[in-house]
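Each remark here refers to the structure printed beneath this line.
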Amino acid sequence: MKPLKPRYRRTWSRPIATLTRGFARNPQLAWQLVRSGMNLRNTQNLRRFSLAIHGRDFLADIYAVAREVGIRPYLMWGTLLGAVRDGRPIPHDTDIDLGLSAADYAHKVAFVSGMIERGYFFVLDERYKFRLLRRDYVLHADFDVFYPAGGEMICLNPLDGVYQGARFPLQSFDRLREIEILDGLKVLIPDPPERLLEIIYGADWRTPNPGYVGTTDLANPLRIAKGEPIPPLPERPPGQPPPFS
């Protein structure tokens with residue numbers, strides 16, 4: 001399965017479409033965001049607007065398809081932080097982040113196909129990461145695979161010819177817990193989440209930091225330079241489909 005390349009609307013029409021659908025979906029919240037002074041000509045603000053308005057529906061579709069396919073995605077990064085600390089997306093966040101085990105990542109094709117049937121776009125396919133884009137061409141969800149290597153759990157993301165990622169204690173994702181956010185939406189998070197958030201953001205993770213940048217401020221970074229061996233994904237059980245198409 002290859003990523004699709006949807007034709008993006010012209011820049012001026014994207015805010016119009018997102019605003020129109022936002023006011024139709026949740027007029028009270030949409031007005032609140034606009035009256036707060038949010039400049040929707042700014043791409044990052046437009047993504048924040050779409051996350052605030054449509055994030056719940058996006059997550060609901062993700063978990064509905066995940067149940068159909070039989071996988072268990074869990075909230076990660078800023079999405080996990082917002083769910084645990086605030087019970088909702090972080091105000092300055094711009095996307096949805098989820099993690100998958102290597103076993104669940106092997107069912108990527110079935111999961112992505114189900115999301116495409118619901119109207120989403122498959123727009124990024126890296127060896128350890130993929131991305132789905134919402135119909136407004138603004139809001140996206142990133143999925144990272146977390147797998148054991150060298151006595152740790154790691155994730156990787158190719159960037160400028162090198163692999164950057166993060167490292168965690170081996171048992172960090174052994175248990176998942178169901179919680180409710182955003183008016184009763186059931187999602188999964190690593191259990192316990194507090195230690196994980198401290199590993200990612202530091203001991204003061206409960207204090208909001210709008211200036212946080214994941215690529216430079218990550219408390220548990222992993223970097224693999226060009227030419228260095230990349231830890232392979234675990235061998236898949238017999239009969240299980242290959243994790244990548």
Side-chain angles (χ1 to χ4, degrees), residues 1-11 13-22 24-26 43 46-80 83 89 93-147 155-159 176 178 181-182 185-189 233 236 239-245:
M1 177 183 294
K2 294 183 178 179
L4 303 176
K5 292 185 178 179
R7 294 183 179 179
Y8 285 79
R9 295 184 177 92
R10 292 180 180 177
T11 303
S13 67
R14 289 170 64 192
I16 293 175
T18 302
L19 273 170
T20 300
R21 291 169 183 154
R25 177 68 181 85
N26 191 332
T43 300
L46 192 61
R47 288 173 179 161
R48 294 183 184 107
F49 180 90
S50 187
L51 177 59
I53 299 292
H54 303 295
R56 188 189 190 283
D57 291 342
F58 202 163
L59 276 170
D61 284 341
I62 287 171
Y63 276 94
V65 175
R67 284 191 293 271
E68 294 170 3
V69 176
I71 64 174
R72 305 180 76 207
Y74 45 87
L75 306 188
M76 273 301 296
W77 312 117
T79 307
L80 174 64
D93 208 355
T94 59
D95 64 359
I96 295 171
D97 295 304
L98 298 108
L100 289 169
S101 68
D104 283 350
Y105 205 67
H107 299 280
K108 177 186 69 174
V109 172
F111 172 72
V112 169
S113 297
M115 292 298 292
I116 290 173
E117 289 178 2
R118 289 177 178 250
Y120 294 89
F121 296 107
F122 179 43
V123 294
L124 176 70
D125 186 20
E126 302 287 358
R127 181 158 176 75
Y128 302 96
K129 185 186 193 80
F130 67 90
R131 175 176 294 171
L132 296 170
L133 181 68
R134 195 180 172 276
R135 295 174 290 274
D136 60 2
Y137 300 91
V138 175
L139 180 62
H140 68 259
D142 283 334
F143 295 79
D144 292 305
V145 59
F146 292 80
Y147 66 100
C155 68
L156 292 171
N157 183 31
L159 184 65
L176 300 179
E178 188 176 75
I181 61 173
L182 301 172
L185 176 64
K186 294 180 179 179
V187 298
L188 293 173
I189 63 171
L233 286 166
R236 65 182 183 274
Q240 190 178 70
F244 306 101
S245 56

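Throughout, residue positions are numbered sequentially from 1 according to the sequence presented.
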(message) Which residues pass the ring-ring contact (aromatic ring centres under 6.0 Å, His included) test with Phe58, not counting sequence neighbours?
(response) Tyr120

(message) How close do Leu233 and Ala102 get, counting heavy atoms only, and between which atoms?
(response) CD2-CB, 4.3 Å

(request) Look up atom CG in Asp142 and atom CG in Leu133, then write down how far apart they are to the nearest 0.5 Å. (result) 10.5 Å

(request) Walk me through it: do Leu124 and Glu126 pass the test side chain to side chain contact (heavy atoms under 4.5 Å, CB included)? (result) CA-CA 6 Å; Leu124 176 70; Glu126 302 287 358; 3.6 Å; yes

(message) Show the nearest heavy-atom pair for residues Val138 and Ser50, with the distance to one decimal.
(response) CG1-CB, 4.1 Å

(message) So, using salt bridge (charged side-chain N to carboxylate O under 4.0 Å, His left out) as the criterion, who are the partners of Asp93 when residues are at least two apart?
(response) none

(message) Testing the basics here: between Ile181 and Leu59, what is the closest heavy-atom pair and its distance to 0.1 Å?
(response) CD1-CD1, 4.3 Å

(request) Can you sort out the partners of Glu68 under side chain to side chain donor-acceptor pair (under 3.5 Å), two or more places apart, ordered by chain and number? (result) Arg118

(message) Which heavy atom of Lys129 sits nearest to which heavy atom of Asn157, and what is that distance?
(response) CD-OD1, 3.4 Å

Show which side-chain atoms of residues 72-80 pair as donor or acceptor with protein atoms under 3.5 Å away, not counting sequence neighbours.
from	atom 1	to	atom 2	distance (Å)
Trp77	NE1	Asp144	OD2	3.0
Thr79	OG1	Asp97	N	2.8

(request) Report the distance from atom CG of Asp95 to atom CZ of Arg48, rounding to the nearest 0.5 Å. (result) 11.0 Å

(request) Could you pull out the closest heavy-atom pair between Cys155 and Val145, with the gap in Å? (result) CB-O, 3.5 Å

(message) Distance check, rounded to the nearest 0.5 Å: Met115 atom CE versus Arg134 atom CZ?
(response) 10.5 Å

(message) Is any side-chain heavy atom of Val123 closer than 4.5 Å to one of His140?
(response) no

(request) List in chain and number order the residues that pass ring-ring contact (aromatic ring centres under 6.0 Å, His included) with Phe111, two or more places apart in sequence or in another chain; answer none if no residue qualifies. (result) Phe143

(message) Would Phe122 and Leu132 count as a side chain to side chain contact (heavy atoms under 4.5 Å, CB included) here? Give the steps.
(response) CA-CA 5 Å; Phe122 179 43; Leu132 296 170; 4.2 Å; yes

(request) Of all the heavy-atom pairs spanning Leu98 and Ala141, show the shortest one and how long it is. (result) CD1-CB, 4.4 Å

(request) Rounded to the nearest 0.5 Å, what's the gap from CZ on Arg47 to CD1 on Ile96? Could you check? (result) 13.0 Å

(message) Applying side chain to side chain contact (heavy atoms under 4.5 Å, CB included) to Asp125 and Lys108, what does each step give before you reach the verdict?
(response) CA-CA 10 Å; Asp125 186 20; Lys108 177 186 69 174; 2.7 Å; yes

(request) To the nearest 0.5 Å, tell me how far Leu100 CG sits from Tyr128 OH. (result) 15.0 Å

(request) Verify side chain to side chain contact (heavy atoms under 4.5 Å, CB included) between Tyr147 and Leu156, making sure each step is shown before the conclusion. (result) CA-CA 10 Å; Tyr147 66 100; Leu156 292 171; 3.5 Å; yes

